[in-house]
Structure formats: structure tokens, C-alpha cells
There are 4 protein chains.
Amino acid sequence: MTASYAAGTPWPRRPPGPNRADERYAQIYETAARLFYEKGYSRTSLQDLANAVGLQKGSLYHYIDSKEDLLFGITEYAHNFFLQLLEGVDEENLSPLAKLERMLRLHAEFAAAHFHVTAAFYNDRSALSEERQERVVQTRDAYEARLRQLVRDGQAAGEVAADVDPRMAVFGVLGMINWINQWYRPEGRMSPQEIATVFATLSVRALRPVCTCTDGDGGRQAPSSAKASPAAP
Amino acid sequence: MTASYAAGTPWPRRPPGPNRADERYAQIYETAARLFYEKGYSRTSLQDLANAVGLQKGSLYHYIDSKEDLLFGITEYAHNFFLQLLEGVDEENLSPLAKLERMLRLHAEFAAAHFHVTAAFYNDRSALSEERQERVVQTRDAYEARLRQLVRDGQAAGEVAADVDPRMAVFGVLGMINWINQWYRPEGRMSPQEIATVFATLSVRALRPVCTCTDGDGGRQAPSSAKASPAAP
Amino acid sequence: MTASYAAGTPWPRRPPGPNRADERYAQIYETAARLFYEKGYSRTSLQDLANAVGLQKGSLYHYIDSKEDLLFGITEYAHNFFLQLLEGVDEENLSPLAKLERMLRLHAEFAAAHFHVTAAFYNDRSALSEERQERVVQTRDAYEARLRQLVRDGQAAGEVAADVDPRMAVFGVLGMINWINQWYRPEGRMSPQEIATVFATLSVRALRPVCTCTDGDGGRQAPSSAKASPAAP
Amino acid sequence: MTASYAAGTPWPRRPPGPNRADERYAQIYETAARLFYEKGYSRTSLQDLANAVGLQKGSLYHYIDSKEDLLFGITEYAHNFFLQLLEGVDEENLSPLAKLERMLRLHAEFAAAHFHVTAAFYNDRSALSEERQERVVQTRDAYEARLRQLVRDGQAAGEVAADVDPRMAVFGVLGMINWINQWYRPEGRMSPQEIATVFATLSVRALRPVCTCTDGDGGRQAPSSAKASPAAP
DNA sequence: GATGAATGAGGTTTCATTCAT
DNA sequence: GATGAATGAAACCTCATTCAT
């Protein structure tokens with residue numbers, strides 16, 4: 001797997017061969033992703049979509065069988081990304097934390113580059129059929145399990161602080177990344193790759209063992225630590 | 001402001017005086033928050049809500065004027081929390097990073113304790129009227145600005161690594177926290193306070209200056225740093 | 001079972017208790033039965049029905065959950081009739097042919113008195129869900145099997161001509177009766193009971209052993225018989 | 001008219017001359033008849049038909065001008081049969097009851113051999129234009145009138161029981177025959193001709209004068225007669 | 001306070017039909 | 001002859017909301 005995720009045309013096509021209608025498919029799915037991002041899946045009507053692509057409402061049904069197909073097609077894009085990510089990363093010969101960092105970087109880059117897609121993936125999953133939700137959830141769970149394992153491996157290797165709770169740590173770094181679609185704008189200052197680097201770095205810093213030396217007070221003055229008792233009830 | 005956020009009955013009441021119907025208001029708003037969380041605001045019908053509280057659909061209109069009122073009431077709960085958080089934290093005499101850590105801890109505790117509320121706040125904001133959205137966004141922006149300022153202050157004080165981008169850092173820690181509603185379950189192993197402590201700690205560790213000493217390998221093995229060139233195109 | 005089939009209000013009611021909306025239910029189902037009879041189920045729109053009962057299209061959904069419910073409710077009327085008919089007739093102490101005649105008479109009377117219902121039952125069954133179709137078909141088959149058995153019993157008792165094929169005979173008499181809805185009009189000359197008597201009599205005459213005596217020419221001039229060779233290919 | 005009805009290619013053709021596309025016409029009309037039989041005219045879409053014949057929906061319009069054309073073409077097949085039947089039977093020199101038996105036999109044979117056609121003819125007539133319906137109804141009425149006249153002639157000749165109501169008798173025998181499409185299957189035990197013979201025989205037996213002699217108990221034990229008072233309320 | 005009938009706008013979907021290619 | 005994109009009307013259905021009781 002390369003650093004960038006760019007499957008050719010990710011959207012479903014009905015006729016298998018090359019087809020001059022492929023542009024329409026892409027146009028429809030891309031517009032749908034944008035509208036779902038802007039208003040939410042349920043608040044986007046097919047009338048909205050038809051208007052945006054310049055078709056009649058009914059004409060959309062040449063390209064889809066149901067509105068849910070649109071959402072599913074979009075979530076499949078993300079789903080397939082995670083599947084590839086799961087397969088790809090183990091091929092490389094890296095330390096656990098390096099692997100983790102690599103996965104998070106790729107994930108974050110994808111989350112920014114395809115923020116419409118990840119927004120649909122996370123916000124409107126409940127609009128998919130039970131069956132389809134389960135598929136998505138299974139892959140998501142496998143992905144999270146892989147990340148947790150890397151954290152544990154990193155702890156065994158001394159790369160990750162022993163007091164880190166792998167579950168919490170993974171929830172935390174995923175939150176950072178999956179939150180990107182809430183604020184990212186393509187016209188913004190930073191590219192998806194730059195954002196990915198920043199977040200991968202922040203994640204690694206959060207996980208690494210706490211420095212205990214004295215030449216610098218970074219570690220000492222941390223105003224509280226994981227051992228700190230929780231705030232008063 | 002105390003460590004825990006617990007405004008008495010946060011839900012709106014139409015008749016201003018005390019009223020034996022207050023329970024109904026609370027029941028309706030709490031049930032709505034749960035349903036919105038489970039299915040999304042738009043996919044939850046007032047019939048669903050009426051069924052869940054044991055009323056007829058029409059009877060709900062004794063308690064609300066519109067469906068949006070429910071969503072607004074719920075988001076107001078979060079909104080008011082942020083307003084209080086903004087006011088409260090400066091009263092304390094703490095270093096910037098300590099203040100930041102305190103805000104994040106309170107925020108995270110709220111995010112877990114009221115995960116239904118924060119989910120509605122972030123996922124269904126686009127269903128509010130323009131006017132109401134703007135109000136919410138303004139407060140959110142003020143909150144984020146305050147956090148960024150604390151990061152910058154921390155950098156000035158040497159508590160926060162100089163190479164941290166305040167915008168990215170704040171987006172990152174907010175993502176961690178606002179993601180809590182995606183995985184938190186009240187019946188889970190950790191209490192909101194414990195979760196809050198963990199995330200506050202992780203955040204602080206991510207922000208603090210990188211340790212450069214040699215007595216310990218925490219710093220050396222960081223597999224990449226913020227200066228690392230982004231992944232290849 | 002009495003000779004006439006008159007269950008009080010045959011149409012479904014949602015709230016179980018007595019209800020002032022029962023009239024509406026009856027009005028809607030009766031109008032639906034009439035419209036389905038006139039134009040067929042598929043060619044009758046809910047708009048047609050709404051217009052006919054003076055409601056808005058959407059208001060019909062207070063009384064039904066789907067258009068198919070209307071068809072199902074109507075076919076249930078016939079379905080229940082056949083179930084009662086199956087149970088009821090054996091209680092009487094009659095000869096096989098007398099029982100058969102009694103069932104056919106009751107069936108024919110029902111077919112005329114409720115010609116809207118039987119028309120829907122037979123013409124639009126394919127619009128019901130698979131599940132519901134199967135239910136109906138099972139009962140229909142049980143009913144036909146009972147009639148065939150009565151024909152066979154009649155043959156054993158010498159009441160029915162031995163050369164009669166029970167399957168064909170039952171198909172024939174059912175055809176007679178189920179065809180009633182094609183021509184019956186309530187304002188016509190004959191009442192359902194009169195029609196039922198005529199058809200029961202015709203059926204019995206068709207089944208009885210052929211007379212072979214000579215005092216009368218009834219038997220002799222039958223222009224062909226079951227033994228006649230089929231028409232030329 | 002021969003005993004079997006087999007007009008060469010009954011389906012309409014647009015280009016009047018002979019044409020290698022005739023097979024397509026036949027295929028389309030026959031498939032349509034089958035589909036209409038299985039699901040009803042209104043519930044069969046042109047997409048269903050196109051799929052079944054291996055064409056695209058739009059391509060059907062090379063062969064038809066409208067969906068109704070298909071139904072009309074099919075009903076015309078039956079319509080023409082009845083016209084031929086009306087013309088043909090009087091040429092023969094037979095007694096009234098023999099003529100009647102002959103017509104019913106031919107009708108029944110047609111009804112079985114072309115059960116798809118007769119099903120469409122009777123079930124979906126209401127989907128034709130007013131004009132076309134009227135044409136069909138006129139022919140049907142003429143046909144029924146001819147049958148009634150034969151019954152009356154048979155009564156005058158003493159071949160048919162005097163107490164038979166010609167209208168009812170004709171409705172009855174037509175019901176038997178027109179019901180055939182509800183149960184006939186080509187792979188069944190009996191051929192259309194055998195079925196036709198059975199039903200013609202049953203009809204004749206039902207109509208003939210009741211035997212009043214004593215050598216045999218066929219007549220005496222008829223459990224009720226046309227004079228019997230109708231069943232109790 | 002509560003009901004439930006009724007509304008009316010708008011949602012997703014189907015489908016016969018047209019037409020440029 | 002055949003395609004398949006596109007249309008537009010109309011279908012079934014949902015639902016927030018109103019209101020007389």
C-alpha cells in the first residue's frame with residue numbers, strides 16, 4: 001500500500017465495462033457526498049441531489065436503486081480504505097510504534113483528503129440497513145483491534161509508556177483523526193499530508209514513555225498525571 | 001465552577017413556576033436525547049418519542065412547540081456548559097497548561113457523562129435554524145479560541161513544546177474528547193471522571209516539550225517527529 | 001354455522017375497544033372493496049380512495065399501515081368465511097351430497113352478497129405478500145379438498161354419478177360460484193339466496209347419476225356423454 | 001370452423017408484410033401474456049417484460065406503441081375467437097342442445113389451451129380504454145345472448161329442463177369454463193380437449209330435464225330442488 | 001393534560017414513454 | 001433494430017403539526 005490512497009474511480013458503476021455514463025456516476029456520488037456532508041444524509045432529499053446534478057428526481061434511479069445505495073457507496077469507499085490499510089501495514093519491517101504511526105498518518109491523510117466520505121461514514125451509519133452496518137462495524141472493530149495490538153506491542157518493546165491504557169489511547173488518537181472532517185477545509189492552509197504528519201506526531205508524543213531526566217522540565221511540570229486521582233465528585 | 005457539571009434540571013419548562021409536570025419535561029427531553037443519539041435527530045420521529053414516553057404524538061405539544069425545540073433544548077445544555085466553563089476557569093490561579101488540562105478534564109467528563117447531549121450537539125447541529133446554529137457556533141469558537149490561547153500561553157511559559165501548532169493541537173484534543181460519545185457506554189469499565197483524567201493526561205503529554213536527555217529512551221525512539229517530511233505523494 | 005354469513009363488522013379495527021372511529025374503518029374498507037372491484041386493486045390509487053371517503057391521502061394512514069392492508073383486510077373477510085364454512089358443515093347430519101349442496105349454497109350466497117370481496121379475493125391475490133398468499137391458498141385448498149371428498153363420498157353412496165371426476169366436478173361448481181361476482185348486481189332481479197339456490201340445484205343435477213329409464217326423455221337426448229371421444233384435434 | 005381454434009400468428013404486427021421480426025412479435029406477446037397471467041397486467045412493468053425477452057425497455061417500442069397495445073392484442077385473440085365461434089356454430093345442422101354443447105366444448109378447449117389469454121381477457125379488461133372495453137363487452141354480450149337463445153331453444157325442444165333459468169344457466173356454465181384459467185396447468189394430467197369434454201358433459205347434465213322414473217334413484221334423492229325455499233336467514 | 005383524527009407538504013420510488021445515438 | 005439516458009407524472013408513504021373534544 002502506498003502512502004496515498006487513491007483508488008481510480010471509487011464509486012459504483014452498474015455496467016461493468018467502460019461507459020460514457022461513468023462521469024455521471026462520479027458526479028452523482030460526489031455531489032451526494034458533498035450534500036450529505038453539508039446537511040446530513042437524512043436532511044438531504046433526492047430532489048436536492050437531482051437539482052445539484054441537473055437531473056430529474058426520477059432520473060437518479062438510472063444510477064442507483066435506492067437512496068441508501070448512495071450512502072452505502074460512499075461508506076464503502078472508507079470501508080475499503082480500512083481494509084487495505086489493515087492488509088498493507090504489516091508488510092513493512094518497522095517497530096510497533098513506527099507501524100502505528102504509519103497507520104495513523106495514512107488514516108489521517110485519508111480523513112482529510114476525503115472528509116466528505118469519513119463524515120458520512122461516521123455520522124450516518126445508523127441510516128444503513130442492519131446488515132450493512134454490521135459489515136462496517138466489523139471492519140472498524142478489526143481496525144481498532146489492530147491499533148490496540150500495536151500499542152501493546154509498543155509497550156512490550158518499551159516504545160510506549162507502560163501506564164497507557166491501550167483502549168483509551170486508541171480511542172483518543174482515533175478521535176483526533178476522525179474529528180478532522182469537522183474542521184478541515186480543502187482551501188485551508190494545510191494539506192492532508194501535513195495534517196496527517198502533525199497528528200501522527202502528536203499521537204506518538206502522547207504515547208511515548210514520560211521523560212524522567214532533569215535537563216529540561218518538560219516531564220516534571222506536567223500538571224497532573226495518569227496516576228492523579230480523578231477530580232472530586 | 002465545580003469539577004462536575006450538574007445544573008439542576010437543565011431542560012426547558014414552559015410554565016415558569018414549579019410544576020408537577022416537570023418530571024414529564026425531563027422524561028421527554030431525556031428520552032429525546034437518547035433517541036436522537038441512537039437514530040439521529042432526523043430519523044427519529046415524534047411518534048418514536050411519543051411511544052417511548054407513553055404519550056400520544058399530539059400530546060407532546062403540551063411540552064414543546066416544535067421538534068426543533070427538543071434538539072435546541074438539548075444543545076442548549078451543552079452550550080450552557082461551555083459558557084460556564086469559559087467563565088469559570090479563569091478564576092483559578094493556575095499555570096496555562098494546568099488551566100488547559102483542567103478545562104479538558106471538565107470537558108471530557110461532561111462529554112462522557114452527557115454523551116447523548118454532546119452527540120446531538122455535534123451531529124445534528126445542521127438541523128437547527130440558521131440563527132440558533134450561529135449562536136452555538138459562536139460559543140464553540142470562543143471556547144476553541146480560549147483553548148488556543150492557553151496553548152500559546154503555555155508555549156510562552158515553556159510548558160508546551162514550541163513546535164506545536166496551536167490550532168492543530170486544539171483540534172486534536174477536542175477530537176479526542178468529542179469522540180467520546182462514539183464509544184462511551186455508561187455500563188462500561190471506566191467512569192466519566194476516570195476517562196476525563198486519562199484524556200487530560202494524554203493531551204498534556206502530547207503537548208509538552210520533547211524530552212532531549214539521555215537517561216531513558218523515551219525521546220530517542222520516537223519514530224518520527226513533526227519535522228519529518230510528509231509521506232510521499 | 002347459520003345459513004347466512006354475517007359477522008358483525010368484518011373490517012379490521014386498530015383500537016380494540018369500541019370506538020367512534022369504527023364507522024370510518026367500515027367506510028374506508030367498504031369503499032376500498034368497491035373501488036378495487038371497479039378498477040382492480042393496482043389501478044386504484046389511495047388518492048382515489050381518499051377522494052371517495054373525503055379524506056386526504058395521508059389521513060388514510062390513521063386506519064391502515066399500507067395499501068396492502070386494505071386488500072388483506074378484504075380477503076380476510078372471505079378467508080374467515082371459508083374457515084367457518086369448513087368447520088360448520090360437518091356438524092350437520094346429512095348425506096354427502098346434501099352436505100355438498102349446503103356448502104355450495106352457502107358459498108354462492110356469500111359470493112353474491114359479498115361480490116366485492118370475492119372479486120378481490122380471486123383477482124388480486126397476487127398483490128398480497130407471499131406469506132399472506134400462502135395463508136389464503138392453504139385455506140382455499142383445504143376447502144376444495146373438502147368438496148372433493150364430499151363428491152367421492154357421494155359416489156360411494158350412489159348419490160353422485162360414478163363417472164364424475166371429483167377434481168373436475170369441484171373445479172366446475174366452484175367456477176360457477178366464483179364467477180358470480182362478474183355479473184351479479186345488487187339491484188338485479190335475484191337475491192343472493194335465490195341465486196345460491198339455483199346454482200346449488202344446477203350443481204346437484206350435474207353430479208347426480210344419469211337417469212337410464214324410459215319414462216321421459218331426459219337421459220336419452222343428452223347429445224353427448226363423458227364417454228364421447230374428445231373433439232377431433 | 002374447425003374444432004380447434006388455431007389462427008396462424010394471432011399477434012399484431014406493425015409492418016404489414018412478412019418480416020423476420022415476426023418471431024419477436026410473437027415472443028413479446030406470448031411473454032406478455034404469461035407475465036400478465038402471473039402478476040396481473042398492472043403489476044407487470046415493461047421492465048419485467050424487457051428482461052424476460054432480453055431487450056431493453058425502450059426497445060419494446062419498436063414492436064408496440066403502448067403497454068395497453070399488449071393487453072389489447074391479447075384480448076383481441078380471445079375476442080376474435082368468440083367472433084368466429086358465433087359465426088361458425090350455426091352452419092352445422094344440430095339440435096339446440098347439441099349446438100350449445102359444441103360451443104361450450106370449443107370455448108372450454110380454447111379457455112384451457114389459451115389460459116393466459118382468457119385470464120387477461122377477464123381479469124384486466126378494466127385496464128383497456130373505454131372504447132376498447134365496449135367493443136369487447138359487445139361481443140361478449142352477443143356470445144352470451146346466443147348461448148341463452150340456445151338454452152331457450154333447447155327448452156322449446158324439450159332437451160332442456162323447463163325450470164332452468166336461461167340467464168342463470170348460461171352464467172353458470174360460463175363460470176365453469178372461464179374459471180379454467182385459475183387452475184389449469186399445461187403440464188397437468190388432462191389435455192384441453194379432455195377438459196372441454198368433461199365440462200361440456202357436466203353442463204349438459206345440469207341442463208337436461210330431471211329424470212322422474214323410478215328405476216334408479218338419481219332423481220328422487222336430489223337433496224333440494226330449484227323450488228326449494230332459500231336457506232333460512 | 002391528553003387524545004386521536006385530520007392535515008398538507010414533502011419524501012422516496014416506480015414506470016410508461018421519448019429520443020438521440 | 002437496439003440502446004440507455006432522461007423525463008415527468010403519479011404512486012405509496014411519512015411526519016410535524018393542528019385542533020376539537
Side-chain angles (χ1 to χ4, degrees), chain A residues 14-15 19-21 23-25 28 42-50 53-70, chain B residues 14-15 19-21 24 42-50 53-70 127, chain C residues 14-15 19-21 23-25 28 42-50 53-70, chain D residues 14-15 19-21 24 42-50 53-70 127:
Chain A
R14 271 199 299 198
N19 194 318
R20 73 184 183 286
E23 297 161 28
R24 273 286 199 211
Y25 278 92
I28 287 170
S42 300
R43 289 182 283 282
T44 302
S45 72
L46 291 184
Q47 187 64 262
D48 293 336
L49 177 57
V53 299
L55 284 177
Q56 294 302 113
K57 230 174 2 171
S59 307
L60 293 173
Y61 284 82
H62 275 284
Y63 301 93
I64 58 171
D65 288 330
S66 71
K67 187 185 175 189
E68 197 207 324
D69 276 6
L70 288 168
Chain B
R14 269 200 304 190
N19 194 320
R20 80 178 182 290
R24 273 286 200 208
S42 300
R43 289 182 283 283
T44 302
S45 70
L46 290 186
Q47 185 67 71
D48 293 335
L49 177 57
V53 298
L55 285 177
Q56 293 307 115
K57 209 169 29 163
S59 309
L60 292 173
Y61 284 83
H62 282 285
Y63 303 94
I64 59 171
D65 286 331
S66 72
K67 187 185 175 190
E68 199 206 324
D69 276 5
L70 288 167
Chain C
R14 272 200 296 201
N19 193 319
R20 73 184 184 287
E23 297 161 28
R24 271 287 199 209
Y25 278 92
I28 286 170
S42 300
R43 288 182 283 282
T44 303
S45 73
L46 290 184
Q47 186 63 262
D48 294 336
L49 178 57
V53 299
L55 285 176
Q56 294 304 114
K57 229 172 3 173
S59 307
L60 293 174
Y61 285 84
H62 275 284
Y63 301 94
I64 58 171
D65 287 331
S66 72
K67 187 186 174 188
E68 198 207 323
D69 276 6
L70 289 168
Chain D
R14 270 203 302 191
N19 194 319
R20 79 180 183 288
R24 274 285 202 208
S42 300
R43 290 183 282 283
T44 302
S45 72
L46 289 186
Q47 187 66 70
D48 293 335
L49 178 57
V53 299
L55 285 177
Q56 293 306 116
K57 210 169 29 164
S59 309
L60 293 174
Y61 284 83
H62 283 284
Y63 302 93
I64 58 171
D65 286 331
S66 73
K67 188 186 176 190
E68 197 207 325
D69 277 6
L70 288 167

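Order of the sequence lines fixes the chain letters, A, B, ..., with proteins taken first and strands second; residue numbering starts at 1 for each chain.
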Along DNA chain F (nearest heavy atom to each residue), the more 5'-positioned of B:Thr44 and D:Gln56: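 With B:Thr44 and D:Gln56 compared, the 5'-side residue is D:Gln56.
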Can you work out whether C:Glu68 or B:Lys57 has the more 5'-proximal nearest nucleotide on DNA chain F?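 Closest to the 5' end, via its nearest nucleotide, is C:Glu68.
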Tell me which nucleotide among [options] gets nearest to the side chain of [X].
X: D:His62; options: F:dT3, F:dT17, F:dC12; answer: F:dT3
X: C:Ser45; options: F:dA16, F:dA2, F:dC12; answer: F:dC12
X: B:Ser66; options: E:dA16, E:dA2, F:dT17; answer: F:dT17
X: A:Tyr63; options: F:dA6, F:dT17, E:dA6; answer: F:dA6

Under 4.0 Å from OP1 or OP2 of E:dA2: is there any side-chain N or O of B:Arg24 that close?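 Answer yes for this pair, as a side-chain N or O of B:Arg24 is under 4.0 Å from OP1 or OP2.
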Tell me: [atom1] of [X] to [atom2] of [N], nearest whole Å?
X: B:Leu55; N: E:dG4; atom1: CG; atom2: C1'; value: 13 Å
X: B:Leu46; N: E:dT3; atom1: CG; atom2: P; value: 15 Å
X: D:Tyr61; N: F:dT7; atom1: OH; atom2: P; value: 17 Å
X: C:Lys67; N: F:dA10; atom1: NZ; atom2: C1'; value: 12 Å
X: B:Gln47; N: F:dA16; atom1: CD; atom2: P; value: 9 Å
X: C:Ile64; N: F:dT14; atom1: CD1; atom2: C1'; value: 13 Å
X: C:Leu60; N: F:dT14; atom1: CG; atom2: P; value: 13 Å
X: B:Arg43; N: F:dC15; atom1: CZ; atom2: P; value: 12 Å

If every non-hydrogen atom of [X] is compared with every non-hydrogen atom of [Y], which pair is closest and at what distance?
X: C:Asp69; Y: C:Asp65; result: OD2-N, 3.1 Å
X: B:Lys67; Y: B:Leu46; result: CG-CD2, 3.9 Å
X: C:Gln56; Y: C:Ala50; result: C-CB, 3.8 Å
X: C:Arg24; Y: C:Val53; result: NH1-O, 3.2 Å

F:dG4 pairs with which nucleotide, Watson-Crick or G-U wobble, both distances below 3.5 Å?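 Checking every strand shown, F:dG4 finds its partner in E:dC19, with both distances under 3.5 Å.
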Determine the contact category for C:Ser59: base if any of its heavy atoms lies under 4.0 Å from a base atom, sugar-phosphate if only primed atoms, P, OP1 or OP2 are that close, otherwise nothing.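 Base contact.
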When you match C:Gly54 and B:Gly54 each to their closest nucleotide on DNA chain E, which lands nearer the 5' end?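 Result of the comparison: B:Gly54.
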By nearest nucleotide on DNA chain E, pick out whichever of D:Ser42 and B:Gly58 is the more 5' one.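 Its nearest nucleotide being more 5', the pick is B:Gly58.
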Approximate separation, where rounding is to 0.5 Å, of C:Ile64 CD1 and C:Leu49 CG: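 Between atom CD1 of C:Ile64 and atom CG of C:Leu49 there are 7.0 Å.
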